[in-house]
Structure formats: structure tokens, C-alpha cells
**Student:** 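Handing you this structure, nothing more for now.
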Amino acid sequence: MFVSKKMTWWAWVALALALFFAVFPIFWIVSTAFKPSTEWVAIPPVWISGQPTLDNFSAVFISQAGAAETAATAVSETGWRAIFGSIIISICATALSISVGLAASLAISRYRFGGNSTPLMILSGRMFPPIAIAIPFLVMFNSIGLIDTYLGLILCYAAFTLPFSVWMIKSFIDDLPQEIEEAAMLDGLSRVQAHIRFTIPLIRGGLISTSLFIFILNWSEFLFGLVLTAKDVVTIPVQLSKYFAATAGQLYGVQAALAVVAVLPLVVIGYFIQTHLVRGLTFGAVKR
Amino acid sequence: MTETTTQEVPEMAPPPSGLFRRDPNDPGTLPLLLIIPSQVLLMGMMVFPFLLELWISLTNWQPTFGSLWEAEFISYFNYEELILYEPRFLQALGRTLLFAVICLSLEFLLGLGLAILFLKAIPARKLLFSLLLSPMMIMPVVVGYTWFMLFQTNGPINQIIGWISLQGDLPQVEWFRHDATAFASIVVAEVWHWTPLFFLVLLSGLNAVPQNPIRAAVMLGAGPLRIFWSVVLPNLLPVIIIAFVIRSMEILKIFDEIFLMTRGGPGTATEMVSQYLYKLAFQDFRLAYAAAAAFIVLVLTVIGVNLMLRPITRQILREE
Amino acid sequence: MHNPKQPTNIDQSRRSFLKGTAAALTGTALPGVLYVDAAIANTDAIHHIANRAVKGASALAPSAGKKTISILIPGGSGGNLTPFLEEWKTLTGLAVDLIEVPNTELYSKAMQEAVAKTGQYDLIIGPVFALPDFTEAGLAKDLDLYVERYQPELDHGAYRIPYPFSEFGCKYDGGYRALYADADNWALYMRKDWMEDPAEQAAFRAKYGRDLTAPDTWEDYDQLIEFFTRPEEGRYGSLEYRAPFYTKWQWMQRFCSKGMLYFDKDMNPLCNSPEGIAALEELIASEAYLPKEAFTNGWSENYNQYGIGNVFSTFSWPSFFRYNNDPAISEAVAGNLLSAPVPGTRIDGELIRASVNAFGWLYVVNEHSAIPELAYLFAQWHTAPDVSDRAIPMNGGYFDPTRTNHFKAPGAAMKEKYTQAWLHAAWDQIGDVIPDFVIRGTFEYSEALDRNCVEAVLGKKSAEEAMNDAAKEMARITRRMGKERQIQSWNSLARTFPEKIKARHGVHTWT
């Protein structure tokens with residue numbers, strides 16, 4: 001390579017600065033999650049609480065009805081429904097987006113279906129400002145009874161992430177020599193069997209990293225989660241914005257506690273699949 | 001293929017038709033079946049709402065005037081009004097573009113620097129890599145709340161600045177009060193959030209740069225900068241373009257972070273297209289006007305992305 | 001289920017009778033005693049409004065297609081409601097379901113319902129300024145029939161909602177469209193302990209040549225906040241709002257107290273009049289006496305920061321007093337809060353004050369609800385004199401005293417949370433209440449005004465440029481909305497301004 005492997009002093013400094021910049025806000029979220037309400041916005045700011053508390057987490061997980069009135073107990077509902085909703089919706093929408101995307105990428109990559117314009121057209125679906133379309137969506141969803149249902153949000157999220165899953169999966173299939181499937185078919189497999197037994201397992205790594213990326217997008221979505229729901233369905237980002245109390249204002253500690261719960265799994269998963277991630281997000285622009 | 005395989009074929013049953021046919025040159029209806037689910041999903045969830053939206057954009061619909069079906073058809077009036085008489089929209093467009101250029105350049109430079117750093121023998125590599133990627137995993141709403149807290153006048157960032165400044169008594173920056181600092185604060189939040197993506201993509205690009213030309217250049221006595229400029233960078237170009245395309249599509253729609261940090265203020269100093277659309281659609285409920293604005297944004301984005309993709313379309317789409 | 005209408009003069013006669021008794025019983029002549037009208041709390045009549053609602057709901061419930069009333073409420077406001085849902089269920093057999101949306105999204109969510117017409121919410125708790133939009137969008141059901149049938153006694157009787165709340169909080173375009181639940185005009189709050197400090201009093205007299213007292217005029221007030229601003233001690237004079245969306249209310253108070261209305265008869269904006277520019281210049285000048293945080297503080301941040309105890313005064317809502325006067329919430333200022341009428345302007349020897357009704361929540365019945373009448377009856381029950389007297393003082397809610405009996409014959413809980421002195425002062429200020437932009441397109445008008453105010457405060461524009469720009473933008477909004485219709489609704493809103501202001505513009509002669 002064109003740089004030496006040896007760590008120089010400036011490399012240490014750059015690494016330290018980068019780590020600080022990347023980790024500090026996350027540290028702040030985690031630290032806030034353990035702060036009692038008086039330290040949420042204290043002057044001067046409290047870095048690590050002297051009296052760490054689990055109150056914020058119990059506000060997220062345990063019903064506060066009947067608890068003594070403190071800022072953290074002002075929340076009217078536990079986070080369980082939001083966590084459940086987010087998990088169901090994100091997993092189903094990701095699975096739908098990936099499987100539909102996989103099928104479409106096969107058609108595009110292996111059979112050149114629709115020529116060159118199809119991928120670009122699909123991609124343009126991601127370019128429409130969602131804020132402007134949210135209310136027409138509401139009108140449409142209402143007329144087909146999809147408002148405030150898990151199915152509604154799943155379909156909506158799957159559609160809005162489809163452009164990315166098509167583009168990413170397509171890049172992995174493109175990288176796979178077509179001869180592999182041809183050989184399989186010569187061995188007596190049907191076309192479908194060849195795809196199932198060879199194509200899909202061979203792009204497994206790519207599917208994993210694409211799934212994580214799509215999952216993050218679904219997991220984070222706020223606007224449609226707010227507009228297309230009413231009382232039955234709620235997602236974590238929407239629940240976060242409800243943590244507000246007449247007496248205490250923004251419940252920063254409770255928000256932070258739920259945010260920690262929401263983010264931690266992703267960071268851990270990211271750690272375990274990082275070899276796939278490194279390869280996964282290039283849309284086929286890396287030449288093999 | 002070996003002789004034996006080709007000889008075995010005639011011994012098998014005649015190829016079934018349709019899906020299970022084995023003729024490698026004729027996929028039959030399979031491609032169609034594969035593409036249908038995506039088309040149905042896109043048709044229902046995108047094409048239909050887009051058409052509805054397109055029609056709305058040609059009316060004067062606003063719920064306080066009556067229902068959608070009573071709205072008056074006013075043809076391209078909304079578009080004309082927006083382009084010719086609504087400086088605030090054009091300013092928001094320009095501002096969004098500026099924001100995108102600043103943020104993406106910073107993200108690119110920082111991401112590239114980090115990626116190069118990771119070519120070295122980094123200790124605890126796997127852990128540090130994960131930590132550096134983690135901002136990307138955090139939902140925009142949380143990013144907004146967090147940076148809002150960090151940038152408070154009495155918040156930790158001013159505290160840190162106070163420690164660093166030698167006098168120790170510099171006036172505290174009121175980040176959200178001044179145009180430049182408010183803009184800077186959202187740039188910082190965005191750069192923090194998405195530099196990891198550039199880092200990730202560029203690192204995989206760097207790892208795939210062919211080694212032979214580099215070795216040759218080293219033998220010819222070229223310095224590292226020269227090698228980077230004439231060998232590495234050209235090889236990285238497709239990856240760079242892809243990273244810019246993915247991020248520019250998303251950054252033009254940035255909303256949650258700014259909504260929670262500056263609300264587009266002070267005045268309209270950090271009002272991006274999405275903030276302006278939010279005002280039109282979710283406060284003023286001028287839904288037709290918002291629809292027209294959104295289509296203008298869509299057209300500009302499509303043109304922009306296609307221009308950016310042009311140099312690598314051939315490679316990405318595997319055109320012959 | 002139809003009770004005879006209360007005779008309107010019963011209030012008058014009973015009150016004069018009781019004044020005598022009360023004075024005779026206590027033998028003292030404190031103003032508070034004369035003002036208190038305990039009789040209206042101690043008769044059966046206080047229960048009639050709630051009883052009519054319960055009776056009506058019980059009669060309708062068995063045949064209702066839906067046994068649950070769903071209410072869209074702003075996040076953090078459940079405290080006034082949750083303790084009463086069980087009681088309502090026992091009385092009528094009907095369940096109530098509360099659906100929270102983030103505070104800032106309520107207007108938008110309700111307007112989305114106007115577009116989508118799902119009927120998922122039977123009742124909506126919305127802000128006062130949204131009532132015209134809700135009505136024009138076909139969301140707020142016309143309540144005339146129900147009001148006639150169930151007699152909530154909104155604008156008459158001993159328990160009436162005092163004028164002008166009964167007008168802009170309940171009616172639009174001449175018809176009943178809402179049940180007002182939360183009178184929300186601003187008062188001036190100051191630190192009593194700072195004012196009563198003899199050293200401060202002497203220093204103030206030495207500097208300004210007058211006593212340290214609650215201000216009558218804006219000049220008095222500006223002196224007070226100047227006097228108490230001591231950045232070196234971390235003390236500031238005021239926590240006026242300078243955040244987007246809130247700043248316009250500060251301007252409105254100063255502007256209208258100069259005897260001004262937002263628009264003239266033909267809805268031409270008056271904000272760029274000399275009075276409007278002067279009001280904005282005063283806001284700019286008072287910046288010097290505000291801590292930095294004022295620039296981003298919304299209402300809850302403001303409540304909390306004042307509670308820390310380093311600021312002399314602020315303008316705020318009734319709930320501000322109630323929360324910050326609670327030692328459990330604010331140790332520093334509880335018991336040391338003085339409420340006073342907002343300062344005014346002396347014009348031609350007359351002192352004009354303008355206390356802005358910023359926000360204020362009301363019940364709207366969803367036009368698309370399957371059970372509008374039951375929804376209405378729940379709202380009538382919950383805002384009835386006796387029930388609301390218990391509901392308002394609950395913790396964790398947004399509602400504040402609204403009906404006459406809350407002020408004049410408060411129950412024990414109400415008296416404890418708001419104090420007799422505050423209720424008295426609040427009642428006396430109702431005559432000075434000015435409405436917000438309670439007209440169609442409220443967000444567009446307020447945003448145009450507010451943004452220009454903020455930009456002038458930040459020094460991006462001169463006050464004159466800012467007000468000219470605001471006037472231009474508002475005129476453009478009116479033109480687009482349809483001038484005739486807007487003039488009509490402005491004319492009826494203008495009538496709810498205080499007499500002293502109306503008289504200067506001859507509002508009575510507007511057609």
C-alpha cells in the first residue's frame with residue numbers, strides 16, 4: 001500500500017480525535033440515561049452522574065401509574081408497545097424489502113429485465129421529499145383501511161427502502177460470475193433451483209449487510225410513523241417525541257434511556273457483521 | 001465444462017417448460033415473475049401516490065378551503081408562483097444545496113482520512129472500527145435531541161471550548177442564535193452522523209485498489225502523495241461517486257435533526273427544503289402548493305443524481 | 001333529560017345576598033371575602049351541568065354503536081383526564097381512550113384527521129387559535145344543537161365561562177364549535193422576596209425616584225427589569241420569550257396596549273403603524289435584561305428556568321404560577337411569586353393593558369366521529385363546573401381555571417394549587433384579555449409576524465423593516481385566503497378585544 005503500516009504520532013492523535021468526536025455524543029446519551037432529572041440540563045453540565053439512577057429505564061419498561069410524582073414518572077405509557085411495534089415493523093418491512101428486492105435484482109442483473117432504465121427509475125423513488133407526500137399517503141391509506149395498522153407501515157417502509165435493496169443486492173449478483181449458475185443448470189438443476197442453491201448462498205454476506213442498512217433506515221423512520229398511525233401502532237422514534245411532561249418539559253433522561261435501548265442492538269450487530277459491512281455498501285462500484 | 005457433463009444432458013428427461021425449463025438461453029417467464037412483486041409494491045406505494053400528488057399540485061387544494069374533490073384546477077399556477085414569486089422557497093433550495101456541498105465535502109475528507117488511517121496497523125482494530133461506525137446506527141431523532149443538548153449555551157461543548165481556550169473566559173457561543181453558528185451546529189451533527197458511511201465505503205474501496213500499479217510507482221520513485229493522486233484516487237472514483245450519490249439523495253431530505261435543533265432558525269437561516277415543505281404541508285396545510293414544491297425538488301434531484309452517476313453508469317449497470 | 005334553562009339573573013341576586021351573609025359571618029371586610037362567592041359552590045345547581053351530561057350519555061349509551069370515546073390529546077396533558085375516566089365509566093358505562101400525540105404535532109394531527117376523515121378520534125383537545133381552521137376544514141362539529149339540548153351554560157348563568165373566553169373559546173362564525181377548557185392569558189410574575197427586600201427598595205428609590213412596586217406601565221416594567229439585571233451575579237430582569245413561535249405574543253401585548261388591533265376594519269395589517277414599530281423596538285431594547293437562554297426557551301424550559309430562581313420576572317400562563325408555586329417542583333421560588341396584571345400604556349389618561357390569551361385548550365367534537373353526541377357529552381361533563389373544579393388542579397395536566405366558579409368559589413384542591421390571591425387577580429384581569437390570531441390561516445399569520453419580530457430582535461432587520469415585511473406578508477396571506485371571508489371572521493374576532501381598545505377603532509360600527 002502507499003502508506004506504511006506503522007502508527008506514527010500523528011496517526012495516534014488523529015485516531016484519538018476521531019474516536020472522541022464519534023463517541024462523545026453517544027457517551028452523552030448513555031450518561032444522560034442514568035442521570036436523575038435534576039442533572040438532565042444542569043448548569044454546569046453533569047458529565048457522569050454522582051447519583052446514577054435506573055429511574056429512566058424503569059419509566060421505559062415499568063408502568064408508572066401510582067408512582068410518586070417525579071419527572072421520570074410523568075410518562076403516561078411504557079415503551080414496550082413502541083419497542084414491539086418497531087421490532088415487528090422493521091423486521092417485516094426489511095424482510096419484505098429484501099425479498100422483493102432480491103427477486104427484482106435477479107431479473108435485472110441476470111436477465112437484464114427492463115433494460116438500463118429500470119434501476120434508475122426505481123432509485124428515483126427514493127428522491128421524492130417524503131414530507132410532501134405524507135398527507136396524500138394518509139388519504140390513500142385511509143381509503144383502503146391501512147391507517148394505524150402494522151401492515152400499512154410495513155408496506156410503506158418496504159416500498160421506500162426498495163430502491164436501496166435493489167441497488168445493493170444487484171451489485172452483489174453482478175459480481176457473481178454467471179458461469180456458476182450455468183454450471184449448476186448443466187448439472188441438472190432448474191433455473192429457480194440454481195438461484196436458490198447457488199446464487200443466494202453466495203451473496204449471503206451482501207444480503208446481511210444490505211439487511212442491516214435497510215433495517216437501520218426502517219428503524220429510524222419518524223415522519224410516516226407519526227402520520228400514518230393513531231392509537232394502536234406506535235414506533236420508537238414517535239414514542240421518543242412523546243416523552244414530554246407538563247411539569248418537567250422534555251424528559252431527556254427517559255428519551256436517552258429508550259434511545260440506548262434502541263441503538264445498542266444495532267451497534268452490537270454492526271460489530272459482529274463488520275466484515276460484511278466493509279464489502280456491502282459500495283453498490284458494486286468496487287471492481288473485483 | 002467437461003466432456004462428461006455435456007454428454008449427460010441428452011440422457012435426462014426432456015426439459016420441462018416454463019419456470020423449470022433448463023435451457024440456459026431461454027429464461028421463459030421467470031424474469032417477469034421475479035420483477036412483478038417489486039412493480040406491484042412500487043405501483044401501489046409510489047406510482048399511485050405520485051400521480052395523486054401530481055394532480056394535487058395542479059389544484060389550489062387546502063383543507064380550510066374544502067375537500068380535495070372540491071378543489072379548483074389551476075394548472076401550473078403553483079409552479080409559476082414558487083419559481084417566480086417565492087424567494088423563500090428558492091432560498092431554501094439554495095441553502096440545502098450549500099448544506100449538502102459543505103457536509104458531503106467534510107464527510108468525504110474526514111472519511112477518506114479515517115480510511116487511510118485504517119490502512120495502518122491499528123490496535124484493537126475491530127472494536128475501534130465498530131465504535132467509529134456507531135454514529136451511523138443512531139436514529140436521526142436521537143441525533144437531533146443529543147446535539148441540541150450538547151450545543152446549549154450552558155452545554156458541554158461550550159464547556160470544552162472554555163477549557164481549551166487559554167484565557168478560559170471567552171464569551172460563550174450562543175450556537176442557535178447566530179446564522180453562522182446555527183448553520184455550523186447542524187453541519188457538525190450531520191457530519192458526525194454520516195462520516196462513518198464515507199469511511200466505510202472508502203475503506204472498502206481502498207482495500208480493493210490493485211497493488212501492482214502501486215508497486216510499480218514505488219519502484220519508479222514516486223512519493224506517497226503522488227501515488228495517491230495518480231494511482232489510488234482514479235481507482236477510488238467510482239466508490240466516491242457512489243457514496244456521494246447515496247448521501248446526497250438523503251441529505252436533500254434532511255429534516256428530523258434540524259427540526260429538533262434549530263427549527264430552521266434563527267429566522268430562516270437554517271431552513272432547508274424539508275423545513276419549508278413542513279411549514280407548507282404540516283402547519284399552513286397548503287397541500288397543493290407543497291406538492292408542487294416537492295415535484296420541483298424531485299426533478300432537480302433526479303437530474304443531479306443522473307449527472308453524478310454519468311461517469312460510472314456503464315460500470316454500475318454493466319452496460320455492454 | 002331536558003332541564004329547564006337557568007334563569008339568567010339568579011347569579012346576580014344570589015351573589016348580592018351572599019355578600020351580606022359572608023360579611024356578617026366573618027365580620028371582616030377583606031376584599032377577598034367580598035369577591036368570594038361561595039354560594040355558587042354550595043348549591044345543587046353546580047352539579048346540574050354535569051348531571052345533564054351523565055343523564056344524556058346514559059340514555060344514549062345502550063344504543064351507541066361504539067362504547068369507547070377516543071380523545072386526541074397533546075402529550076403530557078393526561079393528568080387532568082386519567083383520574084376521571086373510571087368515574088365516567090361508572091356513571092355512564094362508557095370507556096374513554098386517550099391518544100397522545102407530541103404537543104407540537106397536535107394541530108397538525110388534527111388537521112390530518114380533517115383531511116383523512118377516519119373518525120378515529122371522537123374528541124380532540126386543540127388550541128384556541130386552531131378553532132377557525134378546524135371549523136373551516138370541516139373538523140369541528142357544529143354544536144348548536146347539543147348546546148341547546150344539554151345546556152352547558154357557556155355564556156350565561158352563575159357558572160358561565162367569562163367573556164371573552166366564552167366567545168373565541170367556544171364560538172366561530174356565530175355558532176358553537178367548542179367547549180373551552182383552559183383560560184390561558186398571560187400575567188406578569190415577579191419575585192416577591194426581591195421586591196420586599198428593604199435594601200433593594202431603597203436602592204430602587206434612589207435610582208428611579210419612586211417606590212419599588214408592581215408596574216402599571218411598560219416604562220415602569222422596563223425600569224424594574226433593568227434594575228434587577230446583574231449579570232455579574234448571574235441575575236436577570238426578565239425571562240420574556242424570544243424563541244420562535246412565542247415572540248409574537250410578547251409583541252402583541254405591547255402593541256395592543258397602545259390601543260391597537262392587529263388589523264383595521266378591512267383587514268389591512270396595522271403592525272407597521274408607529275405603534276407596532278415602537279412595540280418591536282421596546283422588545284429589542286429589553287433584550288439587554290434577558291438571560292441568553294430566553295432565545296431558545298419554549299414554555300416548559302421557561303417554567304423550569306424561572307424555577308431555578310435567578311430571574312426577577314416573566315410573563316406566563318396560569319399553570320406557570322401553579323407549578324412554580326409548588327415547593328415540590330420549585331424550592332427556590334415557591335411562596336415567593338407575585339402575580340400582577342401585565343403592564344399597560346397610558347393613553348389620554350387611560351391605562352390600557354393587554355393580556356394575550358396565548359394558547360388555551362378546548363374540546364372539539366370530530367365531525368367524522370361515529371358517536372358525536374356522546375363525545376360532546378363527555379366534554380360537557382369534564383368541563384362542567386363541579387367536575388372541572390376537581391380536574392384542573394390535578395398534577396400533570398394543561399388545564400387552568402376557566403369557569404366563573406373556579407375563580408369565585410374554588411374547591412379545596414383548586415384553592416391549594418392556585419391560591420385565593422392568584423384566582424382573585426386572574427379574575428380581575430379578564431377584562432384586559434386579547435385574543436391571539438383566532439382566524440383562518442392562524443399559523444401563516446403568526447409565523448409571518450413572529451419570524452419578523454425574531455429577525456428584528458436578532459438585529460438582522462430594523463424594527464421598521466421587520467414590521468413592513470410582516471405587514472406585506474400578512475396582506476398577501478389575506479389576499480390568497482379570500483379577503484371577504486377573512487374580513488368577516490376578523491370583524492367578529494375584533495369584537496372580543498377589551499372595550500378600551502375597541503372604542504378607539506370604533507369596532508362597534510364595523511359591519
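Throughout, a chain's letter reflects where its sequence line sits, starting with A, and its residues are numbered from 1.
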**Student:** Evaluate the criterion side-chain contact (heavy atoms from CB on, under 4.5 Å) for residue pair C:Met481 and B:Gln62; output intermediate values, then yes/no.
**Tutor:** CA-CA 10 Å; C:Met481 292 264 177; B:Gln62 182 164 343; 3.7 Å; yes
**Student:** Report yes or no: does C:Lys460 contribute a side-chain atom to a donor-acceptor pair with the main-chain N or O of B:Asp179 at less than 3.5 Å?
**Tutor:**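 Not confirmed, C:Lys460 side chain does not pair with B:Asp179 backbone.
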**Student:** Identify which part of B:Leu287 has an atom lying under 4.5 Å from any heavy atom of chain C, answering side chain, backbone, both or neither.
**Tutor:**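 Only the side chain of B:Leu287 comes within 4.5 Å of chain C.
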**Student:** Given that the side chain runs from C-beta out, which part of B:Trp61 has a heavy atom under 4.5 Å from chain C: side chain, backbone, both or neither?
**Tutor:**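 B:Trp61 touches chain C through side-chain heavy atoms alone.
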**Student:** For C:Arg485, which atoms come within 4.5 Å of any heavy atom of chain B: side chain, backbone, both, or neither?
**Tutor:**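 Neither part.
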**Student:** If I measure from the heavy atoms of chain C, does B:Phe176 come under 4.5 Å with its side chain, its backbone, both, or neither?
**Tutor:**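 B:Phe176 touches chain C through backbone and side-chain heavy atoms alike.
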**Student:** Can you sort out the partners of B:Glu86 under side chain to side chain contact (heavy atoms under 4.5 Å, CB included), two or more places apart, ordered by chain and number?
**Tutor:**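 Once residues adjacent in sequence are excluded, the partners of B:Glu86 under the side chain to side chain contact (heavy atoms under 4.5 Å, CB included) criterion are B:Leu82, B:Arg88, B:Phe89, B:Tyr276, B:Tyr289, C:Arg476.
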**Student:** Among residues 107-126 of chain C, which residues come closer than 4.5 Å to chain B, judged by heavy atom distances?
**Tutor:**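 C:Tyr107, C:Ser108, C:Met111, C:Gln112, C:Val115, C:Lys117, listed by number.
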**Student:** Do you know which of B:Pro63, B:Ala269, B:Gly264 has the most heavy-atom pairs with chain C at a distance under 4.5 angstrom?
**Tutor:**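 Result: the option with the highest number of such pairs is B:Pro63.
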**Student:** Does B:Thr64 offer a backbone N or O that forms a donor-acceptor pair with the side chain of C:Arg440 under 3.5 Å?
**Tutor:**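 Pair found, side chain donor or acceptor close to backbone of B:Thr64.
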**Student:** Quick one: what part of C:Glu293 sits under 4.5 Å from any heavy atom of chain B, side chain, backbone, both or neither?
**Tutor:**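 Contact with chain B: side chain only.
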**Student:** Which one, C:Glu105, C:Glu447, C:Glu455, leads in non-hydrogen pairs under 4.5 Å with chain B?
**Tutor:**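 Most pairs with chain B among the choices: C:Glu447.
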**Student:** Is it the backbone or the side chain of B:Thr268 that comes under 4.5 Å from a heavy atom of chain C, or both, or neither?
**Tutor:**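 For B:Thr268, the contact with chain C is made by backbone and side chain together.
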**Student:** Nearest 0.5 angstrom please: C:Thr296 OG1 to B:Phe148 CZ, how far?
**Tutor:**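 These two atoms lie 5.5 Å from each other.
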**Student:** C:Lys292 and side chain to side chain contact (heavy atoms under 4.5 Å, CB included): which partner among B:Arg177, B:Glu174, B:Gln152?
**Tutor:**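 When B:Arg177, B:Glu174, B:Gln152 are each tested with C:Lys292, the side chain to side chain contact (heavy atoms under 4.5 Å, CB included) holds only for B:Glu174.
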